[in-house]
There are 2 protein chains.
Amino acid sequence: MSRPAYHHGDLPQQALQQALDTLRAESDTAISLRAIAKHIGVSAPALYRHFADRESLLAELAITGFMLLRDRLRDRLRQVDQADSRHALLHIGLAYISFAEDEPNLYRLMFGGRILPKGAHPRLDEAGLEAFRVLEDTVARGQSVGYLKPLPLPLMTATAWSMVHGLSELTIDGHLPGADIEPTLAESVLTLLLDGSRNEQQNQ
Amino acid sequence: MSRPAYHHGDLPQQALQQALDTLRAESDTAISLRAIAKHIGVSAPALYRHFADRESLLAELAITGFMLLRDRLRDRLRQVDQADSRHALLHIGLAYISFAEDEPNLYRLMFGGRILPKGAHPRLDEAGLEAFRVLEDTVARGQSVGYLKPLPLPLMTATAWSMVHGLSELTIDGHLPGADIEPTLAESVLTLLLDGSRNEQQNQ
DNA sequence: TAACAAAGTTAACGGTGATAACATCAAAGG
DNA sequence: CCTTTGATGTTATCACCGTTAACTTTGTTA
C-alpha cells in the first residue's frame, strides 16, 4: 500500500538517512551512491534525480549536521543561567565539544575540508553561519554585560571558535591523551581561555 | 643508463613525491595508485611491493608532513630569543599556522581523520609526537621561567595546541572571514590566549 | 653457474561515480 | 475521458579505482 514501484516519494529523505547511518557506522568515504540505492531499493542513477552528484549529497548531510549543532548549542543555552556569562560561555563550549564527540564522522564531514571550496554550496554556508551566530551572540552578550574584554567581536568569536574546534578535533582524533585531567580536559582548557578573556577592569 | 626496466631502484621515493605533488595540486582523494604508477612509468601493482595499500602510502605522506612541521617549528624557535617566553610562544604558534596555510591539503591529511585509527601506523604516531614535543618543550620552558601559569603541563600544552590547530583549520577552510583584523587574526588570537595564560604572580 | 629472493609484469575481480537512452506513472488540460 | 507532458524511475554502459593472483625478470649469493 505504501510502495508504488515508481515515484517512491520519499527517496531523498531515505537516501540521506541511509547515508547518515553509514557515516555514523563507518566514515564518509564509506558512503557510496550504489550502496545507498540498493539499500533503499532503488537503482543508483535514480539518486541523480535528487542530488547533482555524490558531493551534493554529502553537502546535504553536512547541512543537517550544522542544524543539529545549532540546536544543540541553543538547547544548552536554554538550560543555563543567561545572566552568568562565564557559565553560559563555558557550557556552550562544552556543548560544542560534546556534539563533536557524539558525531565524530559527521563533525569531520562538516569541517574536514571534504566538501569542495567554500561557496560551492550556498545553503551549506548559510547553515554553518547559523550555528556560528549562536556562539557569536553568546560572546557578544558576554561583552555587553562587561564580563569579556571589549575587543573586536570577530576577534573574540574567532578565538572562542578556534579553541572549541581545535579541542574537538584533537579529541575525536585521539591526539589528546589526557582524559586523566581534572575535572575534564575540555572544562579545564575552556576555563583557562575564559579566565584570559575576562575583562579585569569591570568584573562581571 | 639510469633506467633499468626492472629494479627501478627509486620507486618508493618517486611514488611519494608524485603523491605529494597531486596532494598539493588537488586533494588527498585525488591520489590514485594507478595514476601514480603511470606517472612514474611503472605498473600499478608494483607499488604494492613498497606499500601495503593506499592508506599506507598516505600514512607515509603524513609522516613526512609531521617531519616538515617539526622542522618548521624548530627553525622558527632558532630564530627567536629563547629567553623571551612570550615571544617564543607567539612565534611557534605563528609558525604552526603558517605551515597549515602553506600546506593545507597535507595538513588536513595529517589531522583530518583520513587515516584510520590512531595506533594503526606506529611510525606516524611517533612522527606526530615529535612535532608535538617541540610545542610541549616550549610551553614547559615558559612555565619553568615563570612566564606561564604553573598548571599541569598536559593541560597547558593541550590548550595551546587546540588553539593553533583550531585556528589553522578554520583558516584554511575559509571559515574565518577576518583577515581584516589588525595586525593579523592569528597574532591577535594568540596574543589573547597568551595574556590569559600568563602567570600574574611572577611576571616573566 | 645454479638457486633464491627481490622487484617487476599482465590479467582479472569487484566496486565506484557518472551519463545516455528508454520506461513508467501522476497530474493537468482540452 | 483521454491525451499529453514532465517528473521520476529503469537498464546498459563507460572509465576509473584498489587489490589480488600468477607469472617473469633481474641482482645477489653460495
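In what follows, chains carry the letters A, B, and so on, assigned in the order in which the sequence lines appear, proteins first and then strands, with residues in each chain numbered from 1.
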Donor-acceptor contact present, side-chain His91(B) to main-chain His87(B), <3.5 Å: yes
Donor-acceptor contact below 3.5 Å, side chain Asp28(B) vs main chain Leu109(B): no
Touch class at under 4.0 angstrom, heavy-atom based, for Leu57(A) against every strand present: nothing
Sugar-phosphate, base or nothing in reach of Ile36(B), heavy atoms under 4.0 Å: nothing
Using atom [atom1] of [X] as one end and atom [atom2] of [N] as the other, report the distance to the nearest whole Å.
X: Asp10(B); N: dA7(C); atom1: CG; atom2: C1'; value: 14 Å
X: Leu47(B); N: dG8(C); atom1: CG; atom2: P; value: 9 Å
X: Arg49(A); N: dG6(D); atom1: CZ; atom2: C1'; value: 10 Å
X: Lys38(B); N: dG8(C); atom1: NZ; atom2: C1'; value: 18 Å
X: Asp53(B); N: dC17(D); atom1: CG; atom2: P; value: 17 Å
X: Ile31(B); N: dT19(D); atom1: CD1; atom2: P; value: 13 Å
X: Leu11(A); N: dA7(D); atom1: CG; atom2: P; value: 16 Å
X: Arg114(A); N: dG17(C); atom1: CZ; atom2: C1'; value: 19 Å

If the cut-off is 4.0 Å, is [X] near the phosphate of [N], judged by side-chain N/O to OP1 or OP2?
X: Ser32(B); N: dG18(D); result: yes
X: Ser43(A); N: dT11(D); result: no
X: His50(A); N: dG9(D); result: yes

Tyr107(A) ring center within less than 6.0 Å of His165(A) ring center: yes
Measure from the side-chain heavy atoms of [X] and tell me the nearest of [options].
X: Arg34(A); options: dG18(D), dT13(D), dT19(D); result: dT13(D)
X: Leu33(B); options: dG18(D), dT9(C), dT10(D); result: dG18(D)
X: Ala46(B); options: dA18(C), dT9(C), dG18(D); result: dT9(C)
X: Pro45(B); options: dT8(D), dG8(C), dT9(C); result: dT9(C)

Whether Phe111(A) and Trp161(A) hold their rings parallel, tilted or perpendicular, with breakpoints at 30° and 60°: perpendicular
Arg72(A) and Ser98(A) side chains, donor-acceptor separation under 3.5 Å: yes
